[in-house]
Amino acid sequence: MTFIEFDIARRPHRPPARRWPRVAVMLAVIVATVAVPAPSAARPDDCARPVVLVHDLAAGTASMNPLRTALERSGACVTSVAYGSTPAARALSRAGGPDLGGLTSLEESGAELARRLTSSSAPAGPLTVVAHGAGALAVQYALQHGVPGTRVRALVTIGPLWNGTNPAGLADVEQISRRLGTFDTILRLERPVVDPICASCREIVTGSDFLVALRRTAFPTPGVRYIDIVSRTDGLVTDPEASTAPGASVTVLQRIDPRAASDHFRLPADKLVRSLVVDAARG
């Protein structure tokens, strides 16, 4: 008898392994999965760096998505706020058009933002608010009418309209109308036509009653750090380098990169702007 033959002959007999039906194996896996507690999702209250994004006039939350992605990758907890939608804009959206907000008066938009920033569903802790264009005006109105300064740690603005805009010399024409005493009459005629479509459009014009009142009412808000990011190629903001909040930390894109050429509406997607916003939210 060879060694191999001897080994086989002396090996103790073992019954064949029992094969579990496939269904039984699947049930066992399901039971095991259910039995293990899933990790609890992080609540907004647990976040050390809550950030709220506020879009521009005639825009929606989607316009801030490039910033949202960059901030979330940096570890911030981000909330995008939609505001200022009109019945006409909602009808357009239902018909398949874009979601457009920021069209109601800035007083109404600011009051809406104040309710959202102080509601129980808002992120806890001092917030960093990042606002584009006219969104900063609505946020500032909210700070002046209902949102305590302790609620907002920093207001980071992108292409802020603190001094408004002067498209095609419209602001100059309005100032002439004011001097002639015809402005109020024209305004009464314009409002029923313009306001249902875009009430805020007339309020962002340089020298508007809204902008004058905004600067007379605790501006900037005590306790809030202002960070203004502006571009010489903005195209909408009147004198971008001068359209800044008093005492704000101001960054001009072209001082960092002379080749920067983003206009007002492309600023939230600009790579340099995204980097600056992420840094501001960390500070």
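Just so it is clear, the values below take in all heavy atoms, side chains as well, and ignore hydrogens, waters and symmetry mates. By convention here, the first residue in the shown sequence is residue 1.
Put simply, the side chain of V78 reaches to within 4.5 Å of the side chain of L53, judged on heavy atoms. No side-chain heavy atom of T157 sits under 4.5 Å from any side-chain heavy atom of I229. For the pair Y83 and V54, the minimum side-chain heavy-atom distance is below 4.5 Å. Contact check for P220 versus P246: side-chain heavy atoms found under the 4.5 Å cut-off.
Not one N or O on the side chain of E203 forms a donor-acceptor pair closer than 3.5 Å with the backbone of F210. With E112 contributing its side chain and G84 its backbone, the two residues share a donor-acceptor pair below 3.5 Å. Formation of a donor-acceptor pair under 3.5 Å by the S208 side chain with backbone atoms of I204 is not found in this model. Remark: side-chain polar atoms of D263 are paired, donor with acceptor, to backbone N or O of R266 under 3.5 angstrom. Although no hydrogens or angles enter the test, the distance criterion places no donor-acceptor pair under 3.5 Å between the side chain of T61 and the main chain of S80. S74 places no side-chain N or O within donor-acceptor distance of the main-chain N or O of V278, the cut-off being under 3.5 Å. Of the possible donor and acceptor atoms, none in the side chain of R151 sits under 3.5 Å from a partner among the backbone N and O of P126. Counting only distance, with no hydrogens or angles, the side chain of T244 and the backbone of V250 share no donor-acceptor pair below 3.5 Å. For the pair D228 (side chain) and I158 (backbone), a donor-acceptor distance under 3.5 Å is absent. Judged purely by atom type and a 3.5 angstrom limit, T86 uses its side chain to pair as donor or acceptor with the backbone of A89.
Residues T221 and Q140 bring a donor and an acceptor atom of their side chains to less than 3.5 Å of each other. Residues T206 and T238 bring a donor and an acceptor atom of their side chains to less than 3.5 Å of each other.
Scanning both residues, L143 and P148, for their nearest heavy atoms gives CD2-O, 4.4 Å. Across all non-hydrogen atoms, the minimal contact from G110 to Y141 is CA-CD2, 3.8 Å. G102 and L57 get closest at one heavy-atom pair: O-CG, 3.7 Å. Among all heavy-atom pairs drawn from T165 and L161, the shortest one is CB-CD2, 4.1 Å.
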